[in-house]
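Since the model is a prediction, treat every value here as computed from it, not as a measurement. So that the names make sense, note that chain A is the first sequence line, chain B the second, and so on, each numbered from 1.
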Amino acid sequence: MSGWETVIGLEVHVQLATASKIFSGAPNRFGAEPNRQASAVDLGLPGVLPVLNEAVVEMALRFGLAVEAQIAPVTQFARKNYFYPDLPKGYQISQLDHPIIGPGRLEIVVPTAAGDETRTIGITRAHLEEDAGKSIHDQLPGLTAVDLNRAGTPLLEIVSEPDLRSATEAVAYLRELHAIVRDLGISDGNMNEGSMRCDANVSIRPRGTREFGTRTEIKNLNSFRFLEKAIEFEVERQIEILESGGRIIQETRLYDAERNETRSMRSKEEAEDYRYFPDPDLLPLAITPKMISAVARSMPELPRARRERLREQFGLSEYDARHVGADRATASYFEACAAAAGDAKLAANWIMGELASLLNREELEIEHAPVTAESLGTLIARIRDATISSKIAKTVFDIMVTEGDDPDAIIEARGLRQMSDSGELQRLVDEVVTANPAQVEQFRAGKTKVLGFFVGQVMKATGGKANPQQLNELLRARLEDGD
Amino acid sequence: MSIDAEQVRRIAHLARIGLAADEAQRYIGDLESILGMVERMRAVPTDGVVPLPHPIDVGQRLRPDVVTEQDERELFQTDAPAVADGFYLVPRVVE
Amino acid sequence: MTSDGTLVELSARITQGDIGCREVAERCLARIEQGSHLNAFISIDAERVLARAAALDAMPEADRGPLHGLPIAVKDIFCQAGVETTAGSRMLQGWRAPYDAHVIQRLEAAGALLVGKTNMDEFAMGSSGENSHYGPTRNPWNTERVPGGSSSGSAAAVASGMVPAALGTDTGGSIRQPAAFCGLTGLKPTYGRVSRWGMIAFASSLDQAGPMAWTAADLALLLAAMAGCDERDSTSVDRPVDAYSAALEAPIEGRRIGIPDALLGEDVAAPVRAAVDAAKRTFEQLGATTHAVSLPTALAGVPAYYVLAPAEASTNLARYDGVRFGHRCSSPQSLEDLYLRSRAEGFGSEVKRRILTGTYVLSVGYYEAYYLHAQRVRRLIRDEFLAAFEDVDAILAPTTPGVAFALGEKTDDPVAMYQQDVFTIPANLAGIPALSMPAGLSAGMPLGVQLLGPHFAETTLLNLAHAFQTATDHHLARPAGAAA
């Protein structure tokens with residue numbers, strides 16, 4: 001273990017899944033042609049005014065309740081002033097002094113060598129703000145092209161305390177946030193499209209000390225893997241500097257995924273002075289107990305509660321519960337699958353095994369799984385009632401993926417049903433034993449491993465359809481009996 | 001109230017207003033006299049007074065989450081200084 | 001050519017069929033042409049005006065609104081769809097607004113005939129009409145004098161008889177001061193009474209649109225059309241609009257009028273003080289009672305205002321960056337160059353002065369000392385008004401320290417210019433309604449007095465002003481040489 005302790009705090013920007021933008025009635029969608037979703041308000045044309053979207057407030061409150069946060073009785077928007085081409089008004093409407101969500105906490109499960117460890121991470125605050133547009137620098141020679149479709153997309157910026165102690169913890173925290181915002185229905189969490197972006201503040205200090213080291217901020221990490229890699233790289237970089245007698249400079253750094261390194265963004269000639277002040281176009285917003293209780297009544301089940309419930313209700317291990325309970329979609333899939341299968345443990349195994357690798361391979365979300373939970377459950381039930389073997393089940397599963405969904409139909413059509421007719425199986429066993437006297441000798445001389453050879457021969461003859469257990473029994477009886 | 005050239009340069013840069021040298025000199029004088037006048041409000045004791053950002057005590061009205069705006073790109077870009085393929089154009093920003 | 005009288009008079013003639021909208025429009029355009037030396041308008045689209053007049057003439061009687069055919073000039077700070085909207089700035093020269101301001105929609109829906117966009121101090125920053133990229137406006141009472149500002153063109157257009165009424169905006173006195181300088185009646189409504197949608201922002205927590213005309217009765221007619229909640233402006237207040245015209249004739253007997261002695265100090269010219277005294281006596285003769293009220297902090301309004309208004313303006317005007325609309329410098333070499341030159345060229349010196357002031361007071365190290373302190377002063381001023389209105393229905397005060405001054409007299413001294421707003425600024429800081437009305441002449445130039453009321457007490461102010469105008473004839477004075 002190194003003599004340095006890593007200290008990480010994350011700022012996570014979550015795009016909220018509203019129909020319209022935070023301050024205008026333009027659609028909040030990804031992927032339109034440039035500037036076709038930028039209304040007069042989003043463009044900051046002269047004379048326009050912002051009006052706050054009520055859904056944005058409700059979503060922020062949902063998040064606040066999910067992390068057991070203090071909710072501001074009165075929240076206020078502020079202008080953050082700076083010039084950039086994709087910031088149409090010359091200021092971003094954000095929150096400074098009175099964020100809608102105050103201090104809260106989030107429990108995360110960190111996998112360690114010694115098993116899963118639960119940690120509570122402090123949430124400093126979460127505030128609402130508008131997203132900026134996009135500047136595209138490589139489209140036209142000598143020019144930057146500005147697309148303001150994204151301008152005005154509602155963002156919830158979630159700021160953690162510097163409570164995270166490793167890249168692994170940071171990833172676990174981000175995963176938990178990801179699951180929560182998806183479960184709450186407040187974001188699609190789609191990191192490829194920038195729905196969730198993360199800045200990491202990273203510093204190190206000698207283990208056992210309390211004072212924080214100088215931190216650097218790594219900007220715009222848009223995947224779990226990049227977050228992990230960037231922090232790992234940055235920690236190594238800082239250790240090297242300090243151990244060679246250098247000093248960390250407080251700065252903003254960018255992570256370059258191709259080279260797997262962080263590098264300093266051009267240092268600004270002067271410190272930013274954002275001149276925050278209360279936005280005079282937006283009056284203070286009172287968050288009433290009535291608003292909060294209305295949101296509380298509509299809260300869905302949260303990941304932690306769901307994991308506990310899955311363990312109790314289905315007798316799952318902590319490990320299984322964490323995986324099939326990772327998000328609401330996976331959990332519902334699991335529940336439907338387990339019900340159809342009549343075996344929760346087997347259902348969990350299949351979801352974490354075959355299904356997970358399929359989804360991974362095809363880059364699909366579980367909502368779009370090509371095999372429904374009910375069909376997978378039916379398939380598992382066919383293993384349980386000995387209609388097919390586990391091995392054949394994998395074949396059936398592959399066919400379900402490519403050709404169709406109904407496992408029973410596939411089993412029937414392809415004649416994959418296990419051979420459970422003992423007369424037929426006995427005949428095959430006799431044939432194989434008679435045809436291989438040398439191996440019979442070996443077996444009888446005590447080399448019982450040869451049994452596998454006979455199983456293989458019979459399986460080959462049946463096209464894999466023999467019930468393995470039954471086959472084993474018949475073979476043993478035939479070989480041990482002698483004749 | 002004294003303002004120096006460096007302060008004016010810094011403020012003008014924050015506000016992205018280009019100032020010629022003689023102009024900067026003039027604004028030093030103007031800002032000094034304006035801020036000198038503003039200093040008069042210090043005579044008003046304000047201990048314990050809560051700042052008032054808005055003159056009326058009403059809360060924020062909210063908007064239902066409904067799409068009300070259509071695509072009006074062509075209209076909005078009619079008088080735009082430089083556009084191509086629907087993008088607004090500016091000199092290349094070096095990142 | 002003769003003027004068309006007051007809005008109420010002209011409305012009666014149109015309703016009776018004495019005159020058609022087309023004729024009203026033609027006469028208006030002719031008078032505007034005749035008065036072009038006043039430089040009251042930035043743009044007029046005669047064809048559009050005549051087409052609109054023809055459409056109004058063709059409108060079935062049942063569909064006609066309360067402002068049917070009434071020609072109204074509009075300060076060039078209001079966006080009008082398809083019409084150049086400049087805010088008096090080079091920055092927006094040639095920019096055709098893609099939408100209508102809320103008040104423009106309201107006026108047109110009420111049948112008004114909008115005749116053109118009036119000149120103004122750039123982005124409404126000024127008290128003389130001299131800060132326009134399109135040249136200074138002149139005062140019809142004396143063309144060597146300023147008409148006041150920033151709604152300079154609206155005041156000159158009405159005072160010269162070109163139009164019977166105009167729209168202005170008032171952030172620190174920009175309706176009331178020019179109304180006083182030009183012998184008109186002008187009203188700044190309660191903050192939030194009229195939607196700010198489509199009105200180019202100067203200082204968002206202070207800006208309010210309002211009418212300018214000869215009489216309180218005309219203002220009542222216009223305000224009824226302009227006021228009301230608009231879902232596109234979060235600061236627009238959801239509250240029923242009073243029947244202003246119907247309440248004009250209510251007796252004012254027993255009304256309590258406050259006189260703030262603190263506002264009548266040595267800085268006030270003797271004729272102004274005399275006008276306030278005379279108005280006070282008139283109200284007493286009409287049966288109102290007068291009472292001393294204390295507004296000890298009101299005079300600190302100017303310094304507080306010149307922190308808050310520039311602070312808000314400095315960020316409201318950040319959107320003018322030469323990227324999506326407005327002036328862009330030629331061949332920018334870099335993004336930085338684009339910003340610096342476009343804004344240096346597009347803004348005039350007073351606008352730059354205020355942007356720099358506002359940037360300064362919001363910047364690190366000064367925010368607390370300036371901005372927050374000014375907001376505390378603002379609360380004190382508002383609370384003093386609210387306390388005063390516990391005892392009185394309205395407050396009577398001067399509108400300006402003196403009559404209209406000479407063109408060029410104060411252009412080199414920004415602070416002296418700012419001091420012009422000393423009596424008008426407190427109402428904006430407090431968000432309360434305030435009305436200026438003619439109260440006599442001094443050396444041939446008009447003087448105004450102000451009535452200030454509690455939030456949403458426009459009805460009271462219009463009622464008092466109407467009673468005053470029924471009893472006096474100050475509002476009937478017209479400049480020599482104007483269309484009579």
Side-chain angles (χ1 to χ4, degrees), chain A residues 18-21 23-28 32-43 45 51-58 74-77 81-85 90 133 135-137 139-148 254 265-266 270 273 275 277-280 282-286, chain B residues 3-19 24 31 35 38 41 46 49-95:
Chain A
T18 52
S20 63
K21 290 188 175 174
F23 296 119
S24 83
N28 174 25
E33 277 183 50
N35 292 306
R36 290 219 178 274
Q37 277 179 194
S39 69
V41 171
D42 306 322
L43 293 171
L45 296 186
V51 183
L52 183 60
N53 182 340
E54 66 182 4
V56 164
V57 174
E58 200 219 303
V74 176
T75 184
Q76 170 75 56
F77 286 89
N81 297 284
Y82 64 96
F83 283 86
Y84 203 71
S135 294
I136 298 148
H137 304 297
Q139 190 123 337
L140 296 158
L143 294 168
T144 288
V146 183
D147 173 10
L148 297 170
L254 270 183
M265 288 171 81
R266 245 169 357 107
E270 56 191 294
D273 182 349
R275 289 158 286 137
F277 78 112
D279 191 326
L282 293 160
L283 299 162
L285 173 67
Chain B
I3 308 270
D4 59 29
E6 172 54 26
Q7 278 174 303
V8 168
R9 192 201 64 76
R10 195 182 62 84
I11 297 162
H13 184 258
L14 272 179
R16 297 298 189 279
I17 292 178
L19 291 185
L31 285 185
L35 294 169
V38 161
M41 72 178 178
T46 58
V49 179
V50 180
L52 180 72
H54 289 99
I56 43 170
D57 291 321
V58 296
Q60 171 93 254
R61 235 174 334 101
L62 300 174
R63 181 176 65 75
D65 182 23
V66 177
V67 173
T68 53
E69 300 303 310
Q70 312 306 315
D71 168 25
E72 294 182 282
R73 185 176 85 181
E74 279 67 28
L75 175 65
F76 293 150
Q77 296 191 339
T78 313
D79 291 331
V83 287
D85 302 333
F87 289 102
Y88 294 96
L89 302 180
V90 297
R92 178 72 151 269
V93 181
V94 189
E95 286 258 290

Does [X] reach the side chain of [Y], with side-chain heavy atoms less than 4.5 Å apart?
| X | Y | result |
| --- | --- | --- |
| A:Leu283 | B:Val58 | yes |
| B:Val93 | A:Pro85 | yes |
| B:Val90 | A:Leu143 | no |
| B:Phe87 | A:Asp147 | yes |
| A:Pro278 | B:His54 | no |

Is [X] in contact with chain A via its backbone, its side chain, both, or neither, using a 4.5 Å heavy-atom distance?
| X | result |
| --- | --- |
| B:Val66 | backbone |
| B:Val83 | neither |
| B:Ala82 | neither |

Check each atom of [X] against the heavy atoms of chain B and say whether the ones under 4.5 Å are side chain, backbone, both or neither.
| X | result |
| --- | --- |
| A:Ala40 | both |
| A:Asp279 | backbone |
| A:Leu148 | side chain |
| A:Ala286 | neither |
| A:Thr18 | both |
| A:Leu282 | both |
| A:Tyr82 | neither |
| A:Gln139 | side chain |

So, using side-chain contact (heavy atoms from CB on, under 4.5 Å) as the criterion, who are the partners of B:Leu62 when residues are at least two apart?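 Expected list: A:Leu52, A:Glu54, A:Val57, A:Leu285, B:Gln60.
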
Value rounded to 0.5 Å, distance of OG1 in B:Thr68 from NZ in A:Lys21: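 One gets 11.5 Å once the value is rounded to the nearest 0.5 Å.
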
Quick one: of B:Arg16, B:Arg61, B:Glu72, who has the most non-hydrogen atom pairs under 4.5 Å with chain A?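 Most pairs with chain A among the choices: B:Arg16.
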
Please report the C-alpha distance between B:Glu69 and A:Gln37 in whole Å, then the side-chain angles of each, then the deciding distance to 0.1 Å, and finally whether the side chain to side chain contact (heavy atoms under 4.5 Å, CB included) criterion is met. CA-CA 8 Å; B:Glu69 300 303 310; A:Gln37 277 179 194; over 6 Å; no

Residue by residue, scan residues 74-81 of chain B and write down, ordered by number, those that have a heavy-atom distance under 4.5 Å to chain A; if none do, write 'none'.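 Result: B:Glu74, B:Phe76, B:Gln77.
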
Under the side chain to side chain contact (heavy atoms under 4.5 Å, CB included) criterion, do A:Leu140 and B:Leu89 qualify, and how do the steps go? CA-CA 9 Å; A:Leu140 296 158; B:Leu89 302 180; 3.6 Å; yes

Look at the side chain of [X] and the backbone N and O of [Y], then say whether any donor-acceptor pair between them is shorter than 3.5 Å.
| X | Y | answer |
| --- | --- | --- |
| B:Arg92 | A:His137 | yes |
| A:Asn35 | B:Gly86 | yes |
| A:Arg36 | B:Gln70 | no |

For A:Asn53 against B:Arg63, the heavy-atom pair lying closest together: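 It is CB-NH2, 3.2 Å.
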
Report yes or no: do A:Ser20 and B:Asp65 form a side-chain donor-acceptor pair below 3.5 Å?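 Yes, B:Asp65 and A:Ser20 have a side-chain donor paired with an acceptor closer than 3.5 Å.
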
